[in-house]
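Proteins come first, then strands; the chains are lettered A, B, ... in the order of their sequence lines, and each starts at number 1.
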Number of protein chains: 2
Amino acid sequence: MATRSMKLPRHPKPRTGARPAPAQGQPSPDTRARILNTAFQLFHEQGYHATGIATILREAGVHPGSMYHFFPSKDALLVGVLEHALELLRPAVMDPAERRTGDPIGRVFELLEQYREGMHAWGCKMGCPIGNLALEVADDNAVARNLVHRNFENWSLAVQKWLDEAGGRLPRGTDRAQLSRFVLTVMEGGIMQARAAGNLAPFDDSVAQLRAYFDALEKLAKSEQERRKARK
Amino acid sequence: MATRSMKLPRHPKPRTGARPAPAQGQPSPDTRARILNTAFQLFHEQGYHATGIATILREAGVHPGSMYHFFPSKDALLVGVLEHALELLRPAVMDPAERRTGDPIGRVFELLEQYREGMHAWGCKMGCPIGNLALEVADDNAVARNLVHRNFENWSLAVQKWLDEAGGRLPRGTDRAQLSRFVLTVMEGGIMQARAAGNLAPFDDSVAQLRAYFDALEKLAKSEQERRKARK
DNA sequence: CCTCCTCTTGAGCGATCAGTCAACTCATAT
DNA sequence: ATATGAGTTGACTGATCGCTCAAGAGGAGG
C-alpha cells in the first residue's frame with residue numbers, strides 16, 4: 001500500500017533571488033575524502049561531541065545533503081573517519097618511524113619521539129586522535145569501539161614486528177605481543193598526563209621509564225647469551 | 001543610569017494547576033552535593049559534552065535556577081566536579097588500596113587491581129573518570145585542565161609515598177617520583193586499551209609488564225645489596 | 001512585625017543540534 | 001534523444017542545547 005500523494009513540494013517558490021550559479025550540481029570526486037579529512041581533523045581538535053556537523057560542513061565546503069549522501073548519520077561519519085585512520089596509520093605514522101632508523105628497538109623509541117614532536121608542535125594539545133575517540137565514544141558506539149580497537153591492534157602489531165626483528169636482544173620467552181601493547185600503553189598514558197600538565201615532562205618521564213625497562217631486558221638477554229656461550 | 005521599568009513580570013498567570021505543594025522553596029542543604037555527585041557520575045558515564053544540563057537536573061531532582069545559583073555555568077560545574085574528585089581521591093581510592101595490604105609495593109598493584117575490578121564491574125565501560133575528562137576538556141578549559149593535573153599529581157604522589165616506604169627494595173638512585181607517574185601512565189593506558197578491546201586483557205597485559213619491570217628493579221636492588229655486603 | 005538574604009521555582013529564551021527532502025545537475029548508458 | 005542514477009543544493013524541522021530571571025519561600029536578625 002504505497003502512500004502516494006504523501007509528498008508535496010516544500011519549496012513551491014520558484015527562486016526569488018537570481019544567483020550567479022556557482023558551479024552547481026557538478027560532483028567533485030573528492031567530496032567524500034574532503035569530509036573525511038575535515039571531520040578527522042575537527043574530531044582530533046575538539047572531540048567528537050563538541051564538533052557540530054555544521055562546522056564540518058563549513059570547513060569542508062560541503063552541504064548537508066551531500067554529506068548525508070555519503071554518511072547517513074554522524075555516527076556513520078565517525079565510523080568512516082576511523083576506517084580512514086586505519087588506512088592512514090601505516091603511511092602516516094609507522095613508515096616515517098621506520099625511515100628514521102633501521103634499528104628495530106630504536107624504531108620503537110623513534111615512534112614515541114614522533115608523537116612527542118607532534119605534541120610539542122601543538123602546544124601539548126589534541127594528543128592522539130584515536131586515544132581521544134577511544135575514551136569518548138567507546139561506550140555508546142560498538143562499531144566505532146571496534147575500529148578504535150583495530151587501530152590500536154595495527155599500531156602495536158607494527159611495533160611487535162620490530163620487536164620480533166630485534167631477535168636475541170630481548171630475553172628468550174619475552175611475550176613480544178604483550179610488550180608491544182605495553183609500548184602503546186605508555187604512549188597513551190604519557191600523552192594523557194602531558195596534556196593535563198600542559199607540558200611534555202610526564203611524557204618524557206614515561207618514555208624514560210620504558211627505556212629503563214628495555215635496557216633491563218636487553219641486559220638480561222645479554223647475560224643469558226653469555227651464560228649460554230660459557231656453557232659450550 | 002538604572003534601567004528602571006525594564007523588568008516586567010514574565011509569569012503573570014497566578015497558578016493554573018493546583019499542586020500538592022511539594023515542599024517548595026525550602027533550601028535542602030545537600031543540593032550542591034547532590035548536583036556534584038550526579039554530575040560526576042554522569043560525566044563519568046557519558047562524558048562531559050554528551051551530558052546535558054537537563055539530564056543532571058532531572059537525575060539530581062534540582063531546578064535550573066537552583067543549579068545556576070551554585071554553578072554559574074556548565075564549565076563552573078565541571079570545575080566543581082573536579083574539585084570534588086580531588087577531595088574524594090584519598091578516601092575513595094587510595095585508602096581502600098592501603099587497607100588491602102601493608103606491603104608498600106603490593107599496594108601499588110592492589111591499587112591497579114582495584115581499577116581492574118571497577119572496569120570488570122562496569123563491563124569494561126566508563127574507565128577512569130579523570131582520564132576521560134583529561135582528554136575531553138583539557139584543551140578548552142584551562143582551570144579544569146589544571147584540576148585534572150592536580151588529581152593526577154595527588155594520585156601519583158600517594159604512589160610515590162609507597163615507593164619511598166619500599167626503601168631498599170628499589171635500586172639506589174631510582175627516580176621514585178618518575179616511577180610513580182609511570183604507574184599512572186600504565187593504569188590509564190591500560191584502561192584505554194581495555195575499553196577499546198571490550199575486555200580486560202590489554203589492562204592485564206600492561207600490569208603484567210609493569211610487574212616484570214618492578215621485579216627487575218627489585219632483583220637489581222637485591223644484587224646491589226649483596227654486592228655491598230660482600231665488599232664489607 | 002519587617003527587612004534581608006540565601007536558596008528554590010519553572011516557564012521561557014535564542015542558539016544550535018543532528019537530520020530531512022524536493023528539486024536540481026550532469027555524466028553515462030541505452 | 002531519452003532515461004537513469006550518483007551527487008549536489010539549501011531551506012527547513014523538531015528537539016535539545018546552555019542559560020535567564022522575576023517571583024516566591026523561609027530562616028535569621030532587628
Out of [options], which nucleotide sits closest to the side chain of [X]?
{"X": "A/Thr31", "options": "C/dC7, D/dC19, D/dT8", "value": "D/dT8"}
{"X": "A/Ala54", "options": "C/dG19, C/dC17, D/dG18", "value": "C/dC17"}
{"X": "A/Ser66", "options": "D/dT8, C/dG19, D/dT20", "value": "D/dT8"}
{"X": "B/His69", "options": "D/dG7, C/dA18, C/dC7", "value": "C/dC7"}
{"X": "A/Pro64", "options": "C/dA18, D/dG18, C/dT20", "value": "C/dT20"}
{"X": "A/Phe70", "options": "C/dA18, D/dG7, D/dC19", "value": "D/dG7"}
{"X": "A/His63", "options": "C/dG19, D/dA6, D/dT9", "value": "D/dT9"}

What is the separation between atom [atom1] on [X] and atom [atom2] on [N], rounded to the nearest whole Å?
{"X": "B/Arg58", "N": "D/dG18", "atom1": "CZ", "atom2": "P", "result": "12 Å"}
{"X": "B/Phe71", "N": "D/dG18", "atom1": "CZ", "atom2": "P", "result": "15 Å"}
{"X": "A/Arg34", "N": "D/dT8", "atom1": "CZ", "atom2": "P", "result": "8 Å"}
{"X": "B/Met67", "N": "C/dT9", "atom1": "CE", "atom2": "P", "result": "14 Å"}
{"X": "A/Ile56", "N": "C/dT16", "atom1": "CD1", "atom2": "P", "result": "16 Å"}
{"X": "A/Phe43", "N": "C/dA18", "atom1": "CZ", "atom2": "C1'", "result": "12 Å"}
{"X": "A/Lys74", "N": "D/dT16", "atom1": "NZ", "atom2": "C1'", "result": "13 Å"}
{"X": "B/Tyr68", "N": "D/dC17", "atom1": "OH", "atom2": "C1'", "result": "9 Å"}

| Aromatic contact, A/Tyr213 with A/Phe182 (centres under 6.0 Å) |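 For A/Tyr213 and A/Phe182, the ring centres are under 6.0 Å apart.
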| query | Does A/Lys74 make a cation-pi contact with A/Tyr68 (under 6.0 Å, within 45 degrees of the axis)? | reply |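 No, A/Lys74 and A/Tyr68 do not form such a contact.
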| Stacked cation flag B/Arg211 on B/Phe109, 6.0 angstrom / 45 deg | yes
| request: For B/Thr55, answer base if it contacts any base atom (sugar-phosphate contacts may also be present), sugar-phosphate if it contacts only those atoms, and nothing otherwise; contact means non-hydrogen atoms under 4.0 Å. | output: nothing
| request: Would you kindly say whether B/Ser206 and B/Gln193 are connected by a side-chain donor-acceptor distance under 3.5 Å? | output: no
| note | Comparing A/His49 with A/Gly65, nearest DNA chain C nucleotide closer to 5' gives the residue A/His49
| request: Flag the pair A/Asp139 and A/Arg145 as a salt bridge only when some basic side-chain nitrogen lies within less than 4.0 angstrom of an acidic carboxylate oxygen. | output: no
